[in-house]
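Everything below concerns the one structure shown next.
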Amino acid sequence: MDDDFVVCEYIKGNYLTSIVLEQFRERELVYKSHMTLGVSGEAFAVIKTQPQRPELPFSQPSPASHGRENAVWLEPELVCVVAFMHRTKSSGMRQPVFKGLRLDKLPLDCVEAS
């Protein structure tokens with residue numbers, strides 16, 4: 001199954017890059033997941049060029065994670081598509097994989113599943 005998410009943060013590690021994924025709930029961004037699989041190359045080059053912001057772009061803070069001190073917060077302007085096996089009971093994603101950027105979709109169109 002696939003779904004679209006807004007990219008609002010990245011964390012560049014020694015070997016892997018993580019991105020934080022959000023979706024809109026009534027015009028407010030809500031944390032959905034973070035992932036590291038497949039985020040590299042040309043897609044990450046585009047992500048790095050996005051305008052940065054000094055604070056969280058969503059109302060509820062995302063869960064703390066290792067390496068957060070290296071987080072770069074971005075303006076919520078970029079959409080990506082993620083494939084996953086299924087949603088968990090807590091609305092997370094089982095085995096998410098970054099499929100690519102969606103330059104044809106607006107962030108406001110990334111709405112959480114009901």
Side-chain angles (χ1 to χ4, degrees):
M1 127 183 305
D2 291 354
D3 205 354
D4 297 326
F5 297 88
V6 181
V7 179
C8 290
E9 171 190 2
Y10 71 85
I11 303 169
K12 184 89 169 115
N14 291 336
Y15 304 103
L16 297 172
T17 299
S18 298
I19 58 174
V20 172
L21 306 171
E22 293 84 27
Q23 289 180 323
F24 280 94
R25 178 189 301 152
E26 298 179 13
R27 300 189 68 77
E28 284 193 21
L29 281 169
V30 177
Y31 172 84
K32 289 297 173 181
S33 186
H34 77 279
M35 60 173 305
T36 57
L37 297 176
V39 185
S40 63
E42 188 176 318
F44 184 63
V46 172
I47 292 170
K48 286 193 315 187
T49 65
Q50 294 303 296
Q52 295 181 12
R53 62 184 297 150
E55 74 277 351
L56 297 172
F58 42 88
S59 59
Q60 298 175 352
S62 59
S65 64
H66 178 69
R68 214 50 187 275
E69 61 277 359
N70 298 323
V72 177
W73 295 103
L74 305 172
E75 290 292 336
E77 300 173 352
L78 198 58
V79 174
C80 71
V81 63
V82 175
F84 53 97
M85 288 182 59
H86 60 84
R87 292 202 185 271
T88 64
K89 290 180 183 179
S90 63
S91 298
M93 295 174 286
R94 180 77 58 214
Q95 296 182 339
V97 177
F98 181 83
K99 298 281 286 198
L101 297 175
R102 295 241 5 222
L103 303 177
D104 63 328
K105 188 167 186 175
L106 297 173
L108 282 173
D109 294 332
C110 296
V111 179
E112 73 178 348
S114 329

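Values below: every heavy atom of this structure, side chains too, minus hydrogens, waters and symmetry copies. Computed from a predicted model, the values in this text were never measured in an experiment.
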Side-chain heavy-atom pair Val7, Leu74 within 4.5 angstrom cut-off: yes
Which atom of Thr17 lies closest to which atom of Phe44, heavy atoms considered: CG2-CE1, 3.2 Å
Phe84 versus Asp2, closest heavy-atom pair with distance: CE2-C, 4.1 Å
Rounded distance [0.5 Å steps], CZ in Arg102 versus CZ in Phe5: 12.0 Å
Shortest non-hydrogen contact between Pro107 and Pro76, atoms and distance: CG-O, 3.4 Å
Straight-line distance of Cys8 SG to His34 NE2, nearest 0.5 Å: 15.0 Å
Single-linkage hydrophobic cluster, 4.5 Å side-chain cutoff, Leu21 and Val79 together: no
Taking every non-hydrogen atom, the tightest pair across Glu112 and Gln23: CA-OE1, 3.1 Å
Salt-bridge present (Asp3, Lys32; N to O < 4.0 Å): no
Stepwise side-chain contact (heavy atoms from CB on, under 4.5 Å) test for Leu103 and Leu78: CA-CA 7 Å; Leu103 303 177; Leu78 198 58; 4.0 Å; yes
Verdict with reasoning, Phe24 to Val30, per side-chain contact (heavy atoms from CB on, under 4.5 Å): CA-CA 6 Å; Phe24 280 94; Val30 177; over 6 Å; no
Common cluster, Met35/Ile47, ILVMFWY with side-chain heavy-atom separation under 4.5 Å: yes
Spacing of CD1 belonging to Ile19 relative to CD1 belonging to Ile11, to within rounding of 0.5 Å: 10.5 Å
CE-CZ distance between Met93 and Arg87, expressed to the nearest 0.5 angstrom: 6.5 Å
Glu9 side chain reached by Trp73 side chain, heavy atoms, under 4.5 Å: yes
Hphob cluster co-occupancy, Val46 + Val72, side-chain heavy atoms under 4.5 angstrom: yes
Met1-Val81 co-clustered via ILVMFWY side chain contacts under 4.5 Å: no
CG on Asp109 to CG on Asp104, rounded to 0.5 Å: 10.0 Å
